[in-house]
Amino acid sequence: MPDYTLKEMMAIAAAREIKDGDIVFCGTGISMLAAMAAKHISAPDSTIFFETGAIDSLLEEVPLAVADPRVMYYTAVNGSLADAFAFMQNRRTGAHVVGIMGAAQIDPYGNLNSTVIGDYHHPRVRFSGSGGACDVASFVDRTIIFMQQQKRKFVPRLDYLTSPGWLGGDDSRTAAGLAAGGPAAVITNMAVFRFDDKTRRMYLDAVYPGIDPRQVLDQMGFEVDTDRAQTFQPPTKRELEILRTECDPQRLILG
Amino acid sequence: MPDYTLKEMMAIAAAREIKDGDIVFCGTGISMLAAMAAKHISAPDSTIFFETGAIDSLLEEVPLAVADPRVMYYTAVNGSLADAFAFMQNRRTGAHVVGIMGAAQIDPYGNLNSTVIGDYHHPRVRFSGSGGACDVASFVDRTIIFMQQQKRKFVPRLDYLTSPGWLGGDDSRTAAGLAAGGPAAVITNMAVFRFDDKTRRMYLDAVYPGIDPRQVLDQMGFEVDTDRAQTFQPPTKRELEILRTECDPQRLILG
Amino acid sequence: MNQPSDKLMSLKDAIERFVADRAHISIGGFTINRNPMAAVYEIIRQKKRNLHLYAHSNGQAVDELVGGGCVSRLEIAYAGSGRFAPTCIRFRKAVEQGRLQVEDYSNYQMTLRFMAGAMGVPFLPCRSGLATDIANTWGFPASLRQSDPKLPDHKLVVTENPFGTWCDTTKVVLVPAIVPDVTILHVQEADSHGLVRIEGLTFADIEQAKAARRLIVTCEKLVETGRLKQRPDANQLPPFCVDAVVHVPWGAYPTACYRHYDYDPVFLNRYKQEAAGDESYRQYLEDWIFSHKDHKAMMDSIDKDRLASITADGRTGYASGLERR
Amino acid sequence: MNQPSDKLMSLKDAIERFVADRAHISIGGFTINRNPMAAVYEIIRQKKRNLHLYAHSNGQAVDELVGGGCVSRLEIAYAGSGRFAPTCIRFRKAVEQGRLQVEDYSNYQMTLRFMAGAMGVPFLPCRSGLATDIANTWGFPASLRQSDPKLPDHKLVVTENPFGTWCDTTKVVLVPAIVPDVTILHVQEADSHGLVRIEGLTFADIEQAKAARRLIVTCEKLVETGRLKQRPDANQLPPFCVDAVVHVPWGAYPTACYRHYDYDPVFLNRYKQEAAGDESYRQYLEDWIFSHKDHKAMMDSIDKDRLASITADGRTGYASGLERR
């Protein structure tokens, strides 16, 4: 089994969620790497696209922001924010979009907070805010969420609901008027979670090699079902090689 | 006094309505000539623009339609319909737009019909329909209307209201939620009409040399005030020269 | 929407596959420019019937589709071909004879309706048409709207501004989104994956394309993907919007295709005469459309000098000095 | 909106003339790209106060305006500078210390709000934010909204689809138009009349420009009108949208300007450290902004090799191989 870092594991875990033909909405950092890796490994006909309006960028170098000039080079179309979000809200194109996102807090139904910790009007910690996260979470049928596995991040109740997941579970998401699909997977530095098809509550799907489900639960502020947990298939040699040599040779994101 | 055709007179009459700095919304035919003439004669800083999205076209040759490729050459911006109409609906840019239009029927308040004669569902004559006419008439603060002086065209009541003028007069236009301004002048082959500042009803402003107000009234299906009618100042030699040599040397529109 | 694989096909196949009888279709271009004429002729040739057609300002394509007997319902803002036909001729006859149901909107309203479809929202607001018959008089019977799930229940909705008088606006007209089964565009350049470049005015083509469930693009030139990606700012539609790419030189003829060719005044003037009578129009359909198996055969039948005369010059993008009376 | 005459002026004059204390301003660009930094520095230098700032996703410009003490209210979707500052540093401090009132929207909502302003409609609809705190929690007190005529009465309005379930949509979020007193953009090319060309992604710059009562454009290159009109498809804003044209080479520095220069990782990393402490930030303001009389003087103070290292190469439009750690 090859050596790999947790960041590499997380990038590959997300890359595996991307199917050929998907339109991949990327944020910055590891989500961009995951999209690049998927395109190089198993989804050559996937399209990487950014909320800034860049579609199918070559990404000869890793961008450090979604507005990095590196996303503008050798793209199919250089559009605008209006174009990019309309593609997601449009049900025909939106159905093919998989959104990759992160947050400061997540709750048992995959709702996300990237705005404040504490009271909104007098926050203890202020974050960047939604950006396009609320939009992609509202519009598209499948999102993948990156989180650090920490008790203060997996909370029973968000301080602020920035991006809608499965809301209160069951059919509450569609009842609210949001896109039928929603969060598909949560990828952390210890495990992968998914959501029950019916209740839409988070469950532990897989733990990384050497991690015990109990260790994962210790890093969470709420209980999840661990009965379905398997051991995650670690990155293959080929996956790692592509990630390292094709996607981030400067290790700007992998560190 | 130089010789001139009625078409030339009408084009010059409209051109004189255009002030420097105006953004001129043009249709096809004589309205385009009027805009070109104004730009060459007295309003060099006016901008000719088309609903198709072409802004400040050079118009080296006369276009025969607003989508003629001749409107696309050497423009400031080649945009889209969405752009063009937004400029008119936008109150800041819209306030500078003067729209030039024609119609099949006009009523005493400058409302226009370019859709059908007869019942809408079983029309005796079907015309092209609004195109951008309803839009420009709804949005901008000043429109100039070209009409043939015929009884069947100046009607007390339209068969179909395609483009809003002063509606029922007085403040009915603003009450309906439309732009504060409206029709400024009606230019025909015999005369120029304007609208009363208060009642917003059409009155005869000027007749062409050699025309008697009574002759004009004979060609109308409703009465208008003729007390304010003066004799129209005919095209000057310079105006005619520019119109003929700079604007339509092939006489594609002047005939 | 398709995968970004190879989408090249023949026009015959594209129309057979994506344009069914009773389909709701939308066509790009504007009056006498960049109408998808090759596709229109193929639709007529394949005798498609009862199409529901959406256009904003369209001339030649609308008139030929109506004249060819393909269209039973039309939502439109303007049917005309500039100086060649201030009102489309076969369209006018069909309406006056009660053979065509029409719903009238303004150009901006139609543009917004396509834009709403493209954006994935059920409507967009505007101030156009307040207190007009466009707002007050409906073309399609209410019963038709209620019985057909492909039509919204209302032609449009006039409503108060929910933000009070914000932006000095008291009332707005909400126009419903259009989601055509298929949109057909003719463009200057595309690659086999469906990356599209339009030169000159885009009219409402982009909105029409993105609003549709399926998109057929006919292109004047089929080019390498690599070449288009060298200048991405000039491209408009990514491959994931496109279902069929068809290479059809002269595909907009007899309308213009900026930087390639002008409209053909000889054709359009003759069309005006031929379309005026039912018998002469039948003959026109036979001679020009049915007797040729495809667009190439149609174009081969035209005098080379005439095509040379309308070929665009590199400086202006149209045929400078063309005799256009 | 001005006449299409000569609009060239100095940055000092443009800011003095069009940016008043308490003005509602909007700035173009996105996080670390094409922020109108020269204009931002001039605003700080002129000690403008109590600005009401609109942005969608903005990084460096927002953080410096906030840090410079110019902003009292902010409507925004995202305040961050990519890897250099996942959350803007001075912004974060100001919010946590209660010195800045914030109203949060999503990026698309902010884009639509500018688009509504550009289109001249009071609102636009979307499906984003249903059942979130973006919809349910308001940043500005209702009393502020009601007392300030420059603010709409509602942050947003959630309403039923007036067309039933048309487009499978039951509810929509209506977001109110933004009409800034002035928008400031930095672009690649403009002429003295105000014809504007942006290369690469346009972000929401066009919408922000058209929404505003006044528009200041700073440009990397001032070019002849004739040259821009040779390729009109590449231009975005006509002269009648523009009030001031200011020629400012390196006008987006330290953020990037596609095809001209990259962002400066050295500057941004150092900024991160200097912005972290109040005293070090005061020193930064003094050394970098107040001690230089204009942008040229600021740029002259920077090592030439460093500027050479971030100069874009012709092939990619950025500085390939730049050390960016």
Side-chain angles (χ1 to χ4, degrees), chain B residues 28-29 50-54 60-61 63-74 78-82 85-86 88-89 91 111 113 115-116 120-135 137-139 158 160-164 167 172-173 176-179 250 252-253, chain C residues 29-33 56-57 59 76-84 86-88 91-92 95-96 98 104-109 111-112 115 126-134 137 139 167-172 200-204 206-207 256 258 262-263 312 316-318 320-321 324-325:
Chain B
T28 47
F50 298 96
E51 61 185 305
T52 44
E60 206 173 78
E61 294 187 8
L64 297 187
V66 295
D68 192 310
R70 282 153 191 80
V71 307
M72 304 183 191
Y73 172 60
Y74 211 77
N78 275 339
S80 66
L81 272 70
F85 288 111
M88 293 192 277
Q89 191 173 224
R91 293 185 191 269
N111 304 299
N113 172 12
T115 305
V116 291
Y120 179 66
H121 294 280
H122 304 91
R124 216 162 56 247
V125 185
R126 169 73 211 200
F127 296 108
S128 60
S130 160
C134 171
D135 305 309
S138 297
F139 297 152
L158 304 175
Y160 183 100
L161 199 172
T162 311
S163 304
L167 295 182
S172 57
R173 183 176 161 91
L178 295 161
Q250 286 187 283
L252 285 167
I253 292 167
Chain C
F30 195 109
T31 59
I32 50 172
N33 206 318
H56 41 88
S57 279
I76 197 165
Y78 183 91
S81 294
R83 215 207 40 187
F84 299 101
T87 300
C88 281
F91 155 83
R92 175 176 166 172
V95 178
E96 291 172 4
D104 275 278
Y105 290 91
S106 73
N107 255 353
Y108 191 43
Q109 288 173 342
T111 302
L112 290 174
M115 198 189 293
C126 65
R127 292 199 320 272
S128 179
L130 288 163
T132 68
D133 278 315
I134 290 179
T137 303
C167 293
D168 293 327
T169 299
T170 52
K171 285 180 194 164
V172 287
L201 297 171
T202 54
F203 307 126
I206 311 306
E207 291 83 358
Y258 188 54
D262 221 319
Y263 45 84
T316 62
Y318 55 83
S320 306
R324 293 180 290 145
R325 273 170 219 276

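Proteins come first, then strands; the chains are lettered A, B, ... in the order of their sequence lines, and each starts at number 1. Given the structure is predicted, the values throughout are model-derived calculations rather than measurements.
Remark: C/Glu96 pairs with C/Arg92 by the salt bridge (Lys or Arg N to Asp or Glu O under 4.0 Å) rule, at least two apart or across chains.
Between the side chain of B/Gln89 and the backbone N or O of C/Arg127, at least one donor-acceptor pair lies under 3.5 Å. Judged purely by atom type and a 3.5 angstrom limit, C/Arg324 has no side-chain atom pairing as donor or acceptor with the backbone of B/Pro63. A donor-acceptor pair under 3.5 Å links the side-chain atoms of B/Ser138 to the main chain of C/Gly129, judged by distance alone. C/Thr87 places a side-chain N or O within donor-acceptor distance of the main-chain N or O of B/Ser128, the cut-off being under 3.5 Å. Side-chain N or O atoms of C/Arg83 include none that pairs as donor or acceptor with a backbone N or O of B/Ile253 at under 3.5 Å.
Between the CG atom in B/Asp135 and the OG1 atom in C/Thr111 there is a gap of 8.0 Å [rounded to 0.5 Å]. Atom-to-atom distance recorded for C/Leu201:CG and B/Glu51:CD is 11.0 Å, nearest 0.5 angstrom.
Listed here is the closest heavy atom pair of B/Met72 and C/Tyr258: O-OH, 3.3 Å. The shortest heavy-atom contact between B/Ala67 and C/Thr31 is CB-OG1, 3.5 Å. Heavy atoms only, all atoms of each residue included: B/His121 and C/Gly139 are closest at CE1-O, 3.5 Å. A pairwise comparison of heavy atoms in C/Thr170 and B/Gly177 identifies OG1-CA, 3.9 Å as the closest pair. Minimum heavy-atom separation, C/Leu130 to B/Ala176: CD1-O, 3.5 Å. Between B/Asn78 and C/Gly200 the shortest heavy-atom distance is ND2-CA, 3.8 Å.
Contacts of B/Leu252 with chain C are made by both backbone and side-chain atoms, with heavy-atom separations under 4.5 Å. Neither the backbone nor the side chain of B/Arg173 comes within contact range of chain C, judged by heavy atoms closer than 4.5 Å. When heavy atoms are compared at a cutoff of 4.5 Å, C/Tyr263 approaches chain B solely by way of its side chain, counted from C-beta outward. In this structure, the portions of B/Asp68 lying under 4.5 Å from any heavy atom of chain C include both its backbone and its side chain. Contacts of B/Ala86 with chain C are made by both backbone and side-chain atoms, with heavy-atom separations under 4.5 Å. For B/Val125, the parts lying under 4.5 angstrom from a heavy atom of chain C are both the backbone and the side chain. For B/Thr115, the part lying under 4.5 angstrom from a heavy atom of chain C is the side chain only. Only the backbone of C/Tyr105 comes within less than 4.5 Å of a heavy atom of chain B; no side-chain atom from C-beta onward does.
With respect to chain C, the highest number of heavy-atom pairs below 4.5 Å among B/Ser172, B/Gly79, B/Ala179, B/Gly29 belongs to B/Gly79. Ranked by heavy-atom pairs under 4.5 Å with chain C, the first of B/Gly129, B/Ala133, B/Ala65, B/Cys134 is B/Cys134. Highest contact tally toward chain C, considering only B/Arg70, B/Arg124, B/Glu61, B/Arg91, is held by B/Arg70 [criterion: heavy-atom pairs under 4.5 Å]. The most heavy-atom pairs under 4.5 Å with chain C, out of B/Gln250, B/Met88, B/His122, come from B/Gln250. For the set B/Phe127, B/Phe50, B/Tyr73, the entry with the most heavy-atom pairs within less than 4.5 Å of chain C is B/Tyr73. Most heavy-atom pairs under 4.5 Å with chain B: of the set C/Thr169, C/Asp168, C/Leu112, this distinction falls to C/Asp168. The greatest number of non-hydrogen atom pairs below 4.5 Å with chain B, out of C/Cys88, C/Ala256, C/Ser128, is found for C/Ser128. Among the candidates C/Ala312, C/Cys126, C/Gly29, C/Ser57, the residue making the largest number of heavy-atom pairs closer than 4.5 Å to chain B is C/Cys126.
Residues C/Met115 and B/Leu81 are not in side-chain contact: their nearest non-hydrogen atoms beyond the backbone lie 4.5 Å or more apart. Between B/Tyr120 and C/Asp133, every side-chain heavy-atom pair lies at or beyond the 4.5 Å cut-off. Within the 4.5 Å cutoff, side-chain heavy atoms of B/Ser130 are placed close to those of C/Ile134. No side-chain heavy atom of B/Tyr74 sits less than 4.5 Å from a side-chain heavy atom of C/Thr316.
A salt bridge is defined here as a Lys NZ or Arg NE, NH1 or NH2 lying under 4.0 Å from an Asp or Glu carboxylate O, and C/Asp104 with B/Arg126 meets this definition.
C/Tyr108 and B/Phe139 have perpendicular rings, their planes meeting at more than 60° on a 0 to 90° scale where under 30° would count as parallel.
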